Number of protein chains: 2
Amino acid sequence: MVMSQRASRLTAGDWADAALDALARGGLAAVAVEPLAARLNTTKGSFYWHFRNRDALIEAALLRWEERGTTEVIAAIETEPDPVVKLRRLFATVIEHGTTHRIELSLLASAGHPAVGPVLRRISERRVDYVARLFGEVGFPPGEARRRAVIGVSVYLGHTQLANTAPAALPESDGERLALISSTVDALLTGAPAAP
Amino acid sequence: MVMSQRASRLTAGDWADAALDALARGGLAAVAVEPLAARLNTTKGSFYWHFRNRDALIEAALLRWEERGTTEVIAAIETEPDPVVKLRRLFATVIEHGTTHRIELSLLASAGHPAVGPVLRRISERRVDYVARLFGEVGFPPGEARRRAVIGVSVYLGHTQLANTAPAALPESDGERLALISSTVDALLTGAPAAP
DNA sequence: GTCAAACCATACGGTCGCGTATGGAACCTG
DNA sequence: CAGGTTCCATACGCGACCGTATGGTTTGAC
């Protein structure tokens with residue numbers, strides 16, 4: 001994302017992307033106007049044309065991230081009709097989406113920020129709701145579907161955290177990590193009502 | 001921790017505790033010398049007597065937190081001889097230790113900081129190692145013990161995240177949350193070799 | 001009470017980052 | 001090409017925070 005030569009004018013989206021990069025690297029404190037301008041090889045004149053202030057940039061960046069992390073992920077999973085395959089595919093994404101996860105971990109530190117808290121809440125609730133819906137489609141009654149969803153999403157989130165803080169504590173290869181995640185999905189599917 | 005009247009001289013530990021408080025509230029950026037001094041009802045003269053610089057305070061605070069979060073927790077759990085009870089007690093702490101968790105989430109945004117990264121790695125690895133040992137004591141072979149430990153710790157961490165970001169996605173009462181955690185421990189203990 | 005050590009208060013200079021103001025440059029349309 | 005719109009560069013003032021320097025206060029030992 002370091003652009004030593006800028007081809008043309010920057011869009012608000014360019015700035016938002018740079019903000020998400022900074023967020024992933026150093027948390028909310030790294031989303032600073034002047035350092036971002038330097039990375040984009042421009043000055044804050046551009047920034048203040050596109051955004052009223054830093055908070056406006058943060059909000060724009062968060063919405064962008066939320067869209068990518070939920071709507072787009074769910075849309076991609078939903079191309080598959082079978083709920084069990086959907087669950088497996090969704091959980092496999094824990095191993096693929098490193099940057100999205102890095103951003104989320106960074107945001108956890110700023111859950112109290114007025115723009116961050118609501119986004120985290122929405123994305124977390126949406127995730128649990130979606131997984132609960134998938135377990136429901138598999139045939140579990142609502143309460144049971146929800147409990148499994150909470151456990152499953154917890155595993156997903158915790159695995160992400162460990163992958164970032166102590167990768168050596170996890171299996172070495174992606175294959176083994178995937179096997180671990182799959183065995184968790186298997187366990188959560190245990191006791192599933194007979195296929196319709 | 002706001003002390004409008006200070007009874008006596010501050011220790012380096014007082015400063016470190018104040019730093020941990022700030023960390024929990026606003027992340028690493030909130031660990032700032034002058035605001036901390038204000039909260040302690042003193043000035044940075046005291047701070048610079050006890051610490052060479054801000055980084056020294058951060059390191060001291062992190063070590064203190066690490067001690068509380070691992071050594072002391074494990075020591076308390078280890079007063080119980082039965083590994084299954086130990087596991088249950090350890091997992092129940094996910095619901096009790098709000099502040100410790102708040103600090104950990106805050107630190108995730110600063111994993112790249114030279115003092116933070118190693119502490120997070122150590123505490124994460126130690127946690128997985130300890131839980132793996134407990135599953136080993138229950139009778140699981142090493143590889144299987146480790147896999148269950150990774151899943152269990154992931155649930156623990158993920159549950160913590162959800163409790164902070166979207167508490168409404170979790171069961172409402174502590175009792176129900178504990179039941180959910182217990183059912184997870186149950187599932188992880190499934191297939192345990194016969195008691196010795 | 002004296003002295004030394006431990007501790008703290010304040011002033012100062014410097015850097016960083018924010019937001020505002022102002023003028024300039026690039027682009028597009030007629 | 002001219003004019004208007006979009007976009008950007010820079011200067012400025014301000015506040016927050018850091019670390020250093022200096023002098024003052026408190027505490028403990030003799």
Side-chain angles (χ1 to χ4, degrees), chain A residues 1-62 106 109-110 112-116, chain B residues 1-62 106 109-110 112-116:
Chain A
M1 191 72 226
V2 179
M3 308 176 68
S4 58
Q5 199 80 311
R6 221 177 60 241
S8 62
R9 297 176 161 203
L10 295 169
T11 65
D14 294 329
W15 278 98
D17 282 341
L20 289 176
D21 259 2
L23 194 47
R25 254 188 299 102
L28 206 52
V31 183
V33 178
E34 287 174 314
L36 284 186
R39 294 188 72 96
L40 289 168
N41 199 36
T42 186
T43 67
K44 59 188 176 179
S46 171
F47 170 78
Y48 284 108
W49 169 259
H50 292 288
F51 300 93
R52 201 181 71 254
N53 54 32
R54 179 173 172 270
D55 275 343
L57 169 66
I58 289 167
E59 281 174 36
L62 292 177
S106 293
S110 309
H113 185 281
V116 176
Chain B
M1 193 74 230
V2 179
M3 308 175 71
S4 57
Q5 198 79 311
R6 222 177 58 241
S8 63
R9 296 174 162 204
L10 294 170
T11 65
D14 294 329
W15 278 98
D17 283 341
L20 289 176
D21 260 2
L23 194 45
R25 253 188 300 103
L28 205 54
V31 183
V33 178
E34 287 174 315
L36 284 186
R39 293 187 74 94
L40 290 168
N41 198 37
T42 186
T43 66
K44 59 190 178 179
S46 170
F47 170 77
Y48 285 106
W49 168 258
H50 292 285
F51 300 93
R52 202 181 70 255
N53 53 32
R54 180 176 172 267
D55 275 343
L57 169 66
I58 289 167
E59 281 173 37
L62 291 178
S106 291
S110 309
H113 185 281
V116 176

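All values derive from a computational prediction rather than experimental measurement. We name chains A, B, ... by the order of the sequence lines, and we start the count at 1 in each one. Just so you know, these numbers use all the heavy atoms, side chains as well, and skip hydrogens, waters and symmetry mates.
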Does [N] have OP1 or OP2 under 4.0 Å away from a side-chain N or O of [X]?
{"X": "A:Ser46", "N": "D:dA9", "result": "no"}
{"X": "A:His50", "N": "D:dT6", "result": "no"}
{"X": "A:Ser8", "N": "C:dA26", "result": "no"}

**Under-3.5 Å donor-acceptor pair between A:Lys44 side chain and C:dG19 base** = yes
**Asked** Looking only at N and O atoms, is any donor in the side chain of B:Arg9 or the base of D:dT26 less than 3.5 Å from an acceptor on the other one?
**Response** yes
Nearest whole angstrom, please: distance from the [atom2] of [N] to the [atom1] of [X].
{"X": "B:Leu57", "N": "D:dG19", "atom1": "CG", "atom2": "P", "value": "10 Å"}
{"X": "B:Phe51", "N": "C:dC8", "atom1": "CZ", "atom2": "P", "value": "11 Å"}
{"X": "B:Trp49", "N": "D:dT26", "atom1": "CH2", "atom2": "P", "value": "16 Å"}
{"X": "A:Tyr48", "N": "D:dT10", "atom1": "OH", "atom2": "P", "value": "16 Å"}
{"X": "B:Glu34", "N": "C:dC12", "atom1": "CD", "atom2": "P", "value": "15 Å"}

**Request:** Map A:Val33 and B:Trp15 onto DNA chain C by nearest heavy atom, then report which one ends up closer to the 5' terminus.
**Result:** B:Trp15
**Request:** Apply side-chain contact (heavy atoms from CB on, under 4.5 Å) to B:Thr42 and B:Trp15, showing your working.
**Result:** CA-CA 11 Å; B:Thr42 186; B:Trp15 278 98; 3.6 Å; yes
